[in-house]
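Here is the naming used below: chain letters follow the sequence lines, and residue numbers restart at 1 for every chain. These figures come from a predicted structure and were not determined experimentally.
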Amino acid sequence: FHAVFLLQVENVKLLDRYANRKAASGTLYLTATHLIYVDASAEVRKETWILHHHISSVEKLPLTTAGYPLLIHCKNFHVAHFVIGQERDCHDVFTSLLKLSQPVKPEELYAFSYNPKMSKENREMGWKLIDLRLDYQRMGIPNDSWEVTDINKDYEVCSTYPPEIVVPRAATRAVVMGSSRFRSRGRIPVLSYFYKENNAALCRCSQPLAGFSARCLEDEQMLQAIREANPGCPFMYVVDTRPKLNAMANRAAGKGYENEDNYENIRFKFIGIENIHVMRSSLQKLLEVCEMKSPSMSDFLTGLENSGWLRHIKAVMDAGVFLAKAVREERASVLVHCSDGWDRTAQVCSLASLLLDPFYRTFKGFMVLIEKEWIAMGHKFSHRCGHLDGDPKEVSPVFTQFVECVWQLMQQFPCSFEFSERFLLEIHDHVYSCQFGNFLGTCHKEREELRIFEKTHSLWPFLLQRKQELRNPLYRGFTAYKELQPNTLPFSFQFWCGMYNRFDKGMHPKQCVLDQLLSCTSQKVTLEDNAAQLEN
Amino acid sequence: TNEWRLSCVNKDFSVCPSYPPVVIVPKSIDDEALRKVALFRQGGRFPVLSYYHKKNGMAMLRSSQPLTGTNGRRCKEDEKLVNATLRSGRRGFVIDTRPLAVAQQARAKGGGFEQEVHYPQWRRIHKYIERFNILQESFIKLVEACNDQSHNMDRWLSKLEASNWLTHIKELLTAACLAAQCIDREGASVLVHGSEGTDSTLQVTSLAQIILDPRCRTIRGFQALVVREWLQAGHPFQQRCAQSAYSNSKQKWEAPVFLLFLECVWQIHRQFPCSFEFNEQFLIMLFEHAYASQFGTFLGNNENERAKLKLPQKTMSLWSWVNRPEELARFQNPLYEANSLVIWPSVAPQSLQLWEGVFLRWNRPSKFLEEAEEERINIIKYNKELQAKVNALRRQLAEMETDEVEQEEP
């Protein structure tokens with residue numbers, strides 16, 4: 001908490017969605033990192049904190065009898081409607097927030113000034129908490145067919161991949177380098193998840209630079225190596241997560257998709273998930289529905305349908321289910337890509353891993369999953385989440401959709417996750433908060449250049465400390481459920497009020513089951529201690 | 001309280017065939033007056049007490065529409081009856097579940113509404129609740145949508161919206177909140193009626209009591225509510241629950257009126273999971289038994305028919321089975337903590353969900369949800385056991401300490 005206020009404004013009202021005129025007057029403070037609204041009128045002092053980095057837009061609304069309104073939309077879907085008494089004040093707040101919410105250089109991000117009381121050793125240990133090598137070992141890698149290679153240690157193969165990647169042993173250096181020249185941005189096929197029960201592998205890459213007729217021997221050999229690493233199945237799937245039309249259009253630009261004729265024993269499949277622009281627009285429409293003042297049921301359902309949001313969520317889920325099924329039931333390896341292999345590919349690979357492996361449904365496992373499939377594999381968090389003032393067309397709720405898919409799974413399988421919805425919301429908040437270094441930049445190379453690991457903190461130790469409030473009291477343990485096979489008929493998908501109308505407290509259940517059960521289980525420990533003491 | 005009395009004017013069902021033999025009316029209105037009022041109300045359903053709000057002494061009455069007709073007929077006894085429930089100087093609200101236009105048109109067929117000139121202390125509010133036949137169409141469309149196996153999200157949402165089922169839920173919850181607000185917040189008495197007074201009227205009065213009265217949220221209290229406001233009040237179960245959603249023939253009187261009420265209770269239950277002694281299974285069980293049951297409780301259309309059919313002699317009561325300890329155990333809500341609150345549900349679309357337990361029961365596996373319920377029950381049970389153990393140990397310790405003290409004294 002910075003004790004220095006950049007700005008302090010009196011006579012400010014915070015209106016709820018029903019624009020209650022009787023709202024009390026409070027004080028608005030701006031610090032270097034937050035906007036804080038304090039309402040000291042009632043018996044209990046109420047504070048509303050908004051992180052500048054969370055602000056996606058600030059608008060001045062037309063003057064009303066109550067004063068000068070300012071509407072703030074946040075990236076975590078918080079919408080704050082202030083009414084400021086004086087025009088001068090309103091303008092000052094407006095211009096300040098515009099500047100504070102749109103940092104230009106990475107060094108301006110919160111993570112570089114965030115300084116909790118912590119020793120240097122602890123901070124460094126925080127970064128070492130998640131070690132991807134250990135996860136590969138857990139899968140049984142390295143083994144006869146797969147190895148962890150440092151061929152990319154200087155980013156020769158691919159500048160957006162991590163220094164250590166997992167490739168088939170049979171893939172020689174020449175094959176790897178050749179394949180990297182044939183894949184968009186050098187993003188060659190690498191291992192995402194190894195299903196040791198049957199040696200099927202889930203791999204990921206980007207689109208081949210095939211155009212209409214180009215071939216690459218090394219790329220074909222790469223796929224062959226992947227397929228042969230799984231002797232239990234004569235073929236492998238190649239899944240393009242784009243709609244067929246989009247993939248075909250890419251051919252005209254010299255990219256495209258794999259021709260079944262050129263690659264031995266592959267079964268090619270399109271799973272049409274729309275692109276980042278469609279998703280951005282879909283979310284925008286969904287949020288408009290969520291903000292409607294007093295919609296009828298019809299307004300709401302029609303709006304929900306028109307946004308297409310749940311249709312897209314279902315598409316991502318269906319893809320994850322397909323991958324998991326191919327690996328588990330057909331025993332086939334699967335190579336997944338989209339265009340660049342860092343958006344839809346990340347979603348479906350991480351989702352499939354979650355469906356197959358209960359480890360990823362634990363606290364630690366989920367952190368590993370995100371570090372591996374999103375952070376290390378180069379999902380462009382900075383661009384997709386609009387951390388800096390950049391191209392608005394790069395912004396898209398790709399990670400949000402993944403988080404929602406996890407939440408949808410929690411609704412169907414309430415006992416199978418170690419963590420609760422709150423854990424998901426915390427992570428989602430921090431993807432946008434830039435308070436921790438994990439999600440800054442776009443890839444490992446950039447994080448090294450920004451010296452994230454020396455200058456910032458990792459999110460994970462902070463969340464682990466709060467396990468007690470973020471856990472799922474209904475969790476039945478690691479071995480209770482192996483794979484998850486969700487129902488993906490449309491009615492299985494619910495509207496996530498806790499995310500998209502999170503701050504509309506009136507809409508949520510008034511009594512919280514989660515809190516009840518959490519307090520029970522925490523009481524349990526105290527009671528057990530008491531009982532033991534008393535017995536002695 | 002002293003202001004009310006039990007009247008047996010209907011003991012042979014001659015005054016009102018669809019009412020029970022005993023009703024509660026204001027003390028100052030005698031049976032002769034009641035007979036006259038019955039002639040002024042459709043089907044003889046004169047205003048009776050539905051609920052008395054102890055907190056402030058306000059009353060909720062229900063009836064059917066007044067037979068004012070095109071001549072503007074009036075009945076002084078009817079006016080006296082309803083005015084008897086008002087505190088001096090205070091006004092009351094008439095909640096008419098028909099739209100104003102429909103209420104006005106009803107005059108042409110002999111029906112009508114309470115005119116301001118004759119009921120000056122009463123303010124009329126029209127809060128439209130869908131008629132029962134529309135409800136049946138909604139129901140059929142919803143069930144059809146739930147059975148659609150095509151993996152098309154847009155189609156599902158479109159069919160869900162077109163069924164209007166959730167719209168009816170929202171409308172009923174809103175109407176019940178309105179009635180409850182009049183009573184609890186405005187401190188006014190309320191008279192609820194539609195046309196016949198056997199469908200939307202009962203939905204509103206019973207749901208309002210769930211909001212207002214914590215006793216209705218207990219298992220016994222809810223049973224009593226159903227008996228009072230639905231069975232005895234003469235909701236025509238025989239007609240409404242003949243076939244449900246899959247029947248081939250289009251039944252004229254068929255409608256899921258009671259189901260809509262049960263679902264609204266479930267919606268409130270979802271929002272206040274610690275305020276109900278019973279669980280979702282209890283509500284689903286009642287839904288099932290209203291349609292098809294080995295018990296006689298829901299047979300017939302009113303007490304008159306049930307007496308004629310000699311149901312109490314020939315059939316078993318659902319309640320006698322439900323209230324057996326081994327059955328009751330299945331219907332308990334582990335999270336229940338008795339409170340004395342009035343609970344106000346949110347009617348925002350985001351707060352209302354499809355009742356999967358009824359509509360998707362057969363379309364998806366319940367195993368994982370059942371396991372979650374088991375976990376909840378176990379967590380709370382274990383907690384209670386621990387608490388009891390700690391208390392017992394504390395008592396023991398206290399006893400041991402007093403023993404020691406006694407021993408030390410010479």
Counting only heavy atoms closer than 4.5 Å, note whether [X] contacts chain B via side chain, backbone, both or neither.
| X | value |
| --- | --- |
| A:Ser416 | neither |
| A:Phe493 | side chain |
| A:Cys520 | both |
| A:Ser298 | both |
| A:Glu305 | both |

Hey, which of [options] has the most heavy atom pairs under 4.5 Å with chain A?
| options | value |
| --- | --- |
| B:Cys274, B:Ala392, B:Ala372 | B:Cys274 |
| B:Ala348, B:Ser150, B:Ser158 | B:Ser158 |
| B:Asn152, B:Asp148, B:Leu360, B:Val347 | B:Leu360 |
| B:Lys384, B:Gln353, B:Arg364 | B:Gln353 |

Tell me the closest heavy-atom pair linking [X] and [Y], and the distance in Å.
| X | Y | result |
| --- | --- | --- |
| B:Glu356 | A:Gln494 | OE2-NE2, 3.5 Å |
| A:Pro414 | B:Leu369 | CG-CD2, 3.9 Å |
| B:Pro273 | A:Val513 | CG-CG2, 3.4 Å |
| B:Gln350 | A:Cys290 | NE2-O, 3.7 Å |

Roughly how far, to the nearest 0.5 Å, is the [atom2] atom of [Y] from the [atom1] atom of [X]?
| X | Y | atom1 | atom2 | result |
| --- | --- | --- | --- | --- |
| B:Met153 | A:Ile313 | CE | CD1 | 9.0 Å |
| A:Arg311 | B:Leu157 | CZ | CG | 10.0 Å |
| B:Leu160 | A:Thr302 | CG | OG1 | 10.0 Å |
| A:Lys505 | B:Ser346 | NZ | OG | 13.5 Å |
| A:Leu301 | B:Leu166 | CG | CG | 6.0 Å |
| B:His168 | A:Met297 | NE2 | CE | 12.0 Å |

Contact class of [X] relative to chain A, heavy atoms under 4.5 angstrom:
| X | answer |
| --- | --- |
| B:Asn164 | side chain |
| B:Gln396 | neither |
| B:Leu397 | side chain |
| B:Glu171 | neither |
| B:Arg394 | both |

Stepwise side chain to side chain contact (heavy atoms under 4.5 Å, CB included) check, B:Glu371 with A:Tyr481: CA-CA 11 Å; B:Glu371 284 172 2; A:Tyr481 304 94; 2.3 Å; yes

[atom1] of [X]: more than 12 outside heavy atoms within 6.0 angstrom?
| X | atom1 | answer |
| --- | --- | --- |
| B:Lys381 | NZ | no |
| A:Lys510 | NZ | yes |
| B:Arg215 | CZ | no |

Full working for side chain to side chain contact (heavy atoms under 4.5 Å, CB included) between B:Ile379 and A:Leu474: CA-CA 8 Å; B:Ile379 290 173; A:Leu474 302 177; 4.2 Å; yes

A:Phe491 ring center within less than 6.0 Å of B:Phe359 ring center: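 Ring centroids of B:Phe359 and A:Phe491 are no less than 6.0 Å from each other.
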
Residue pair [X] / [Y], side-chain heavy-atom distance below 4.5 Å:
| X | Y | result |
| --- | --- | --- |
| B:Lys170 | A:Phe300 | no |
| A:Leu517 | B:Leu335 | yes |
| A:Ser296 | B:Thr167 | no |
| A:Gln511 | B:Asn339 | yes |

Pairs of heavy atoms under 4.5 Å with chain B: top-ranked of A:Val289, A:Asn501, A:Thr521, A:Asp504: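 Between A:Val289, A:Asn501, A:Thr521, A:Asp504, the count favours A:Asn501.
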
For chain B, the option from A:Pro490, A:Gly506, A:Pro509 that forms the most heavy-atom pairs under 4.5 Å: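 Maximum pair count with chain B is reached by A:Pro490.
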
Worked verdict on A:Arg476 versus B:Phe368 for side chain to side chain contact (heavy atoms under 4.5 Å, CB included): CA-CA 11 Å; A:Arg476 279 197 160 188; B:Phe368 305 104; over 6 Å; no

